[in-house]
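Beneath this line is the structure, given in structure tokens, with notes to follow.
Quick note on labels: first sequence line is chain A, next is B, and so on, each numbered from 1. Side-chain atoms are counted along with the backbone in the values below, which use heavy atoms only and exclude waters and symmetry mates.
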There are 2 protein chains.
Amino acid sequence: MNMDSLSIFVGYNLKRAMAVVQADLVRVLARHNLKLGTFTVLAAIGDAPGIAAIRLAELLGIERSNLVAILDDLGRRGLITRSASLTDRRSHELHRTAEGAAVFQAALADVHDHEAKVFAGLTTEERAEMIRLCQKLWAT
Amino acid sequence: MNMDSLSIFVGYNLKRAMAVVQADLVRVLARHNLKLGTFTVLAAIGDAPGIAAIRLAELLGIERSNLVAILDDLGRRGLITRSASLTDRRSHELHRTAEGAAVFQAALADVHDHEAKVFAGLTTEERAEMIRLCQKLWAT
DNA sequence: TATTGTTATACTCTATAACTATA
DNA sequence: TATAGTTATAGAGTATAACAATA
């Protein structure tokens, strides 16, 4: 028995693993002038064109107030559009522009490479298992 | 095939899982006036009494500059001591006080409860597997 | 010259409360 | 009244550069 007090906790190991993964991902996304938040939002809007900000925030598990700066950033750069809904003028429909889709696709390719590199020590089955276990924690 | 662009990535699922775990842990530690950083440092000093700050930072994977405020906090509250090393007066030996050990033990019990609750949806084997997979990513 | 602890700084992420315009 | 988007703000974590004391 030579265990320390921390590494017996799942949460601590999750955090240390996350730090390794994030450090590389942040570096990769920076090449596209994207941050974790902007990349994630760009992906989600592409998956659900026309989605309202409040739904997007729910989907990504972030506060809607924190989404605003991300949308401002993407909008300012012409990567997304915000158009008032015709049926409810409180909500805005979010869409990716052609340039937004192009920037996302370029970044996506690099993110795939990043995952392949960072998780090279895990087999395909282990990666799938990790996704499955993580989703048991956060997915509905 | 009804997958979205993000949930196929291990990193994204790691992050979402982490968010769930951390939210609860932060709440639990707050009951002991501890933050993630102070709890972690308190644990590590207990495991390695007399450790120097620079070694502690390496051990926990944090910047030594960011450790200072944590040690200041714990020191101010009388939970740790910093004494200059006799062999190298640049470095300080870190020790937990009796009160520091008591505060840690009380928090530790709650953290165990927290883990049991948050990972209740995972079997014992799944938790062990998650630790194993995470350690493949960050441990030497 | 190199290392330890420290200070200063800045940026990201996150959480909460309150405002506005609409419903 | 309740909801969508927004603003403001504060806390926590993180990364970098530079300094003083010591090796």
Side-chain angles (χ1 to χ4, degrees), chain A residues 11-12 14-16 18-27 29-30 33-41 45 50-76 80-94 138, chain B residues 11-12 14-16 18-30 33-41 45 50-76 80-94:
Chain A
Y12 179 71
L14 265 178
K15 178 172 180 168
R16 294 298 299 262
M18 261 282 297
V20 172
V21 176
Q22 292 250 68
D24 188 70
L25 180 55
V26 165
R27 200 180 48 71
L29 291 176
N33 294 312
L34 292 172
K35 292 180 285 192
L36 259 66
T38 47
F39 174 77
T40 304
V41 164
I45 293 177
I51 192 172
I54 194 162
R55 292 286 177 192
L56 182 57
E58 285 170 12
L59 189 69
L60 298 176
I62 65 180
E63 294 297 322
R64 69 193 199 281
S65 61
N66 293 328
L67 182 55
V68 177
I70 295 174
L71 296 176
D72 284 347
D73 182 6
L74 292 171
R76 205 179 309 113
I80 62 159
T81 58
R82 287 190 266 198
S83 51
S85 163
L86 298 177
T87 58
D88 184 344
R89 290 173 53 217
R90 289 174 303 183
S91 77
H92 297 173
E93 295 175 355
L94 301 170
W138 74 267
Chain B
Y12 179 72
L14 265 177
K15 178 169 181 170
R16 294 297 300 263
M18 261 283 297
V20 172
V21 176
Q22 291 251 68
D24 189 70
L25 180 56
V26 164
R27 202 180 47 71
V28 165
L29 290 177
N33 293 313
L34 293 172
K35 291 179 284 191
L36 259 65
T38 47
F39 174 76
T40 304
V41 164
I45 293 177
I51 192 172
I54 194 162
R55 292 285 178 193
L56 182 57
E58 284 170 12
L59 189 69
L60 298 176
I62 65 179
E63 293 298 321
R64 69 193 198 281
S65 61
N66 292 329
L67 182 55
V68 178
I70 295 173
L71 295 177
D72 285 346
D73 182 6
L74 292 172
R76 206 180 309 114
I80 62 158
T81 58
R82 288 191 263 199
S83 51
S85 163
L86 298 176
T87 58
D88 184 343
R89 292 172 53 217
R90 289 174 304 184
S91 76
H92 298 174
E93 295 174 356
L94 301 170

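When each of K15(B) and E58(B) is assigned the nucleotide of DNA chain C with its nearest heavy atom, E58(B) is the one assigned upstream, toward the 5' end. Nearest-nucleotide positions on DNA chain D for E93(A) and S85(B) put E93(A) closer to the 5' end. Take the nearest nucleotide of DNA chain D for D72(A) and for D88(A): the residue whose nucleotide is more 5' is D88(A).
Here dT12(C) presents its C1' atom at 15 Å from CG of L34(A), a figure rounded to the nearest Å. Put simply, CD on Q22(B) is 13 Å from P on dA12(D), counting in whole angstrom units. For the pair N33(B) CG and dG11(D) C1', the computed distance is 15 Å after rounding to whole Å. Taking atom CD1 on I70(B) and atom P on dG11(D), their separation rounds to 17 Å, with Å as the unit. Rounded to an integer number of Å, the gap from CG of L36(A) to P of dT14(D) is 14 Å. If you measure from atom NE2 of H92(B) to atom P of dA21(D), you get 13 Å, rounded to the nearest angstrom. Between Y12(A) atom OH and dG13(D) atom P the separation is 14 Å, expressed in whole Å. A straight line from CG of L71(B) to C1' of dG13(D) spans 16 Å, rounded to a whole angstrom.
Ranking dG13(D), dA23(C), dA23(D) by closeness to the R89(A) side chain, first place goes to dA23(C). Picking from dT6(C), dG5(C), dG13(D) the nucleotide with the shortest atom distance to the side chain of K35(B) gives dG13(D). Each of dT6(D), dG5(C), dT22(D) was ranked by its minimum atom distance to the side chain of I54(B); first place goes to dG5(C).
Using a 4.0 Å heavy-atom distance criterion, R82(A) is classed as a sugar-phosphate-only contact. Among the heavy atoms of the strands, none lies under 4.0 Å from L67(B).
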Are any protein N/O atoms closer than 3.5 Å to N/O atoms in nucleotides 15-19 of chain C? If there are, list each pair with its distance.
from, atom 1, to, atom 2, distance (Å)
dA15(C), N7, N66(A), OD1, 3.4
dA15(C), N7, N66(A), ND2, 2.9
dA15(C), N6, N66(A), OD1, 2.9
dT16(C), O4, S65(A), OG, 2.6

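In this structure a side-chain-to-backbone donor-acceptor pair under 3.5 Å is present from R16(A) to L60(B). Distance alone, capped at 3.5 Å, places no donor-acceptor pair between the T38(B) side chain and the L34(B) backbone.
For the residue pair S83(B) and T81(B), no side-chain donor N or O sits within less than 3.5 Å of a side-chain acceptor on the partner.
Within the model, atoms CG of L29(B) and CG of D24(B) stand 9.5 Å from one another, a figure rounded to the nearest 0.5 Å. With values rounded to the nearest 0.5 angstrom, L56(A) atom CG is found 6.5 Å from I62(A) atom CD1. Distance check: D72(B) CG to L67(B) CG gives 9.5 Å after rounding to the nearest 0.5 Å.
More than 12 heavy atoms of other shown residues, nucleotides or ligands fall within 6.0 angstrom of atom CZ in R82(B).
Within 3.5 Å, a donor on the side chain of R90(B) pairs with an acceptor on the base of dT3(C), or the reverse.
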